[in-house]
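A short worksheet on the structure shown next.
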Amino acid sequence: MVQYLTMALRGLLRFVFLFHLLTFATSDQSHTGRPNVVFILADDFGYNDVGYHGREHGSMVLTPNLDGLAGEGVKLEKYYVQPICSPTRSQLLSGRYQIHTGLQYGVIRPAQPHCLPLDEVTLPQKLKERDYATHMVGKWHIGFYKDACTPTERGFDSYFGYLSGAEDYYSHSRSFQIGSKTLKGLDLMANKTPAFQYKGQYSTHLFTSKAIDVINNHERSKPLFLYLAYQAVHSPLQVPSKYEEPYANITSSARRAYAGMVSCMDEGIGNVTRALVDAGLYNNTIIIFSTDNGGPINVGANNWPLRGSKGSLWEGGVRGVGFVHSPLLPPSVKGTINHELIHVSDWLPTIVAGMAGGSLNGTKPLDGYDVWNSIRGMDPSPRQELLHNLDPLDVAADFEGDAKCSGKKTTECRMIPGKFNTSMKAALRVGDWKIQTGSGAKYSGDVQVNLWKPPPESGLHTIYPVQKPKQKVWLFNITADPLEENDLSDTYPDVVAQLLHRLQYYYKDSVPPRYPPPDVNADPALHGGAWGPWE
Ligand SMILES: *[C@@H]1O[C@H](CO)[C@@H](O)[C@H](O)[C@H]1NC(C)=O
Ligand SMILES: *[C@@H]1O[C@H](CO)[C@@H](O)[C@H](O)[C@H]1NC(C)=O
Ligand SMILES: *[C@@H]1O[C@H](CO)[C@@H](O)[C@H](O)[C@H]1NC(C)=O
Ligand SMILES: *[C@@H]1O[C@H](CO)[C@@H](O)[C@H](O)[C@H]1NC(C)=O
Ligand SMILES: *[C@@H]1O[C@H](CO)[C@@H](O)[C@H](O)[C@H]1NC(C)=O
Ligand SMILES: *[C@@H]1O[C@H](CO)[C@@H](O)[C@H](O)[C@H]1NC(C)=O
């Protein structure tokens with residue numbers, strides 16, 4: 001208890017100190033109309049893993065810096081991301097739904113010859129047209145099999161980070177199994193060069209320090225776009241032990257380690273903010289914070305009181321932690337909560353057009369909207385509808401009629417021709433309504449995640465849903481029932497019919513999913529011991 005309070009107090013003091021700095025920050029107003037934008041993406045950070053949610057919902061995780069930044073900014077509380085990594089990252093950088101990029105199914109695996117299609121125009125490419133310096137630090141995860149897929153070929157002036165989806169936090173090594181063969185190597189790049197010399201450095205410290213280098217070396221004649229995509233707090237659950245100390249009271253070792261990882265990330269974000277202040281950039285900077293998907297509740301994270309987990313289309317999989325912090329926000333919205341519907345695909349038009357004053361020419365038709373005026377409290381969100389996803393390769397098991405498809409999620413498994421089928425995993429939000437189709441339960445083998453799981457340290461009990469046998473359709477009024485407790489599909493068959501019609505529209509508007517088989521030529525052993533482009 002004492003330890004817990006000491007940590008809270010230390011966090012508070014740290015923030016008070018930071019705030020003090022911010023208030024007296026010097027200015028850099030040389031790019032009127034083109035603010036610096038620092039986009040911080042956390043990995044697998046659950047709805048109930050940020051202090052300002054957790055305090056009300058039995059979570060002990062402490063995030064004084066995030067709480068401080070969000071508390072002085074605009075908390076986005078009707079904000080959605082995709083349920084897994086590559087999809088969110090692809091939508092952030094392209095402004096387009098997965099049904100339009102072929103990334104509907106799964107994440108990009110390290111040895112898959114696959115990436116965000118090369119004809120997609122990216123967020124940093126658009127910002128370069130506005131003369132931004134564009135830098136990325138951290139996790140890429142939208143494909144790297146060809147040189148043309150890699151960050152510095154897709155709009156970033158510089159890159160330091162790892163290209164795949166997960167790895168060891170200290171050795172920066174990644175293994176991947178193809179049949180009986182294990183592919184293993186370093187996954188850490190400085191631009192295009194494998195960076196072997198950082199072995200042993202914990203990635204949250206490493207990426208924080210690289211982000212601070214970008215800030216300190218920034219050429220002031222241009223505005224800055226920095227995309228900092230932390231490895232934290234994705235599995236494996238690894239953290240220097242001192243960050244776990246404040247959580248000694250948490251008996252679940254996974255939750256304790258996860259909480260420590262969050263604390264370290266929070267400290268890093270405090271450091272990055274302080275670096276912006278010290279460099280004189282803060283005054284003209286917009287900081288955006290987002291998670292990439294809901295928390296994986298079986299690996300330390302928590303989404304309580306929301307239902308479900310990472311990988312699912314329940315709110316716990318897709319309703320994300322997000323906020324915007326900036327001295328450039330109108331005073332009237334600072335410290336407020338935004339209840340407008342906002343989605344990760346909205347950041348490209350919001351940053352390019354809204355924040356940076358650029359035009360949206362040259363992109364393919366965007367699924368995202370410019371919501372900058374909504375964030376600034378001037379307009380309602382232009383977004384009334386949100387396709388969470390529609391994945392024809394993820395078919396509920398008992399309808400997996402096509403023998404060719406079962407257990408073989410590759411391009412050999414074609415889209416089922418014809419009509420949208422409720423066996424397909426999909427979810428759509430229209431106004432208050434949310435429809436979900438498919439099995440509703442699958443994720444990572446047979447681990448059940450369509451339930452309500454409280455944080456272990458809360459002493460509360462998991463609540464299991466009552467599900468009709470072979471149920472394939474759920475309907476919720478999310479406004480009235482954000483916890484998805486009352487399925488209304490039997491009560492409102494007309495609404496179900498309308499929304500299924502809309503899903504059929506999106507299905508017809510889809511490109512086929514791409515999910516190629518892994519390629520042994522990706523083997524790092526063939527490329528100097530590091531993962532990197534192989535084609
Ligand atoms: C720590 O655990 C003890 C014993 O279970 C409990 O009484 C106490 O309230 C806990 N402290 C916090 C901060 O939750
Ligand atoms: C930024 O700095 C300038 C000059 O010091 C000051 O006039 C302005 O109010 C500051 N802006 C904000 C949003 O703090
Ligand atoms: C933040 O900065 C402090 C002081 O320099 C340093 O000790 C700490 O390791 C940094 N934290 C991270 C996560 O980089
Ligand atoms: C958008 O228009 C600008 C100015 O005409 C041009 O320089 C830029 O190449 C265009 N962008 C794309 C992606 O077509
Ligand atoms: C979906 O497809 C499966 C397999 O082809 C079929 O058995 C089932 O009746 C279809 N369901 C609907 C609602 O069309
Ligand atoms: C959903 O619930 C809200 C809050 O109870 C209510 O105002 C709204 O009318 C409902 N929406 C629909 C479409 O029934």
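Counting starts at 1 for both ligands and their atoms, following the listed order.
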Check ion pair [X]-[Y] (N to O, under 4.0 angstrom):
X: Lys468; Y: Asp490; value: yes
X: Arg429; Y: Glu385; value: no
X: Lys222; Y: Glu219; value: no
X: Arg96; Y: Glu120; value: yes

Near Lys146 NZ, under 6.0 Å, is it more than 12 heavy atoms from other residues, nucleotides or ligands?
->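 No, NZ of Lys146 has 12 or fewer neighbouring heavy atoms, counting only those of other groups under 6.0 Å.
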Considering only heavy atoms of Asn361, which atoms of ligand 4 have at least one such atom less than 4.0 Å away?
->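 Matching atoms, with element in brackets: 1 (C), 2 (O), 3 (C), 8 (C), 10 (C), 11 (N), 12 (C), 13 (C), 14 (O).
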Could you list which atoms of ligand 4 come closer than 4.0 Å to a heavy atom of Gly362?
->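 Selected atoms, number and element: 12 (C), 13 (C), 14 (O).
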Find the distance between CG (Leu276) and CG (Leu226) and round it off to the nearest 0.5 Å.
->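 If I round to the nearest 0.5 Å, the distance is 8.0 Å.
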Decide if the gap between the ring center of [X] and the ring center of [Y] is smaller than 6.0 angstrom.
X: Trp314; Y: Trp474; value: yes
X: Trp433; Y: Tyr492; value: yes
X: Tyr80; Y: His388; value: yes

Determine the interplanar angle of the Tyr198 and Phe160 rings, folded into 0 to 90°, and report it as parallel if under 30°, tilted if 30 to 60°, perpendicular if over 60°.
->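 If you compare the ring of Tyr198 with that of Phe160, the planes turn out perpendicular.
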When you look for heavy atoms under 4.0 Å from ligand 4, do you find them on the side chain of Glu129, its backbone, both, or neither?
->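 The answer is the side chain.
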Considering only heavy atoms of [X], which atoms of ligand 3 have at least one such atom less than 4.0 Å away?
X: Thr208; result: 14 (O)
X: His205; result: 9 (O), 11 (N), 12 (C), 13 (C), 14 (O)
X: Cys264; result: 13 (C)

Under 3.5 Å between some N or O of ligand 3 and some N or O of Tyr243?
->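 It does not: no N or O of Tyr243 is found under 3.5 Å from an N or O of ligand 3.
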Should Asn271 be counted as touching ligand 3, given the test is an N or O pair under 3.5 Å?
->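 So ligand 3 has an N or O lying under 3.5 Å from an N or O of Asn271.
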Write out each pair where an N or O from ligand 6 and one from the protein are under 3.5 Å apart, with the distance.
| from | atom 1 | to | atom 2 | distance (Å) |
| --- | --- | --- | --- | --- |
| ligand 6 | 2 (O) | Asn477 | OD1 | 3.3 |
| ligand 6 | 2 (O) | Asn477 | ND2 | 2.4 |
| ligand 6 | 11 (N) | Asp432 | OD2 | 2.8 |
| ligand 6 | 11 (N) | Asn477 | ND2 | 3.0 |

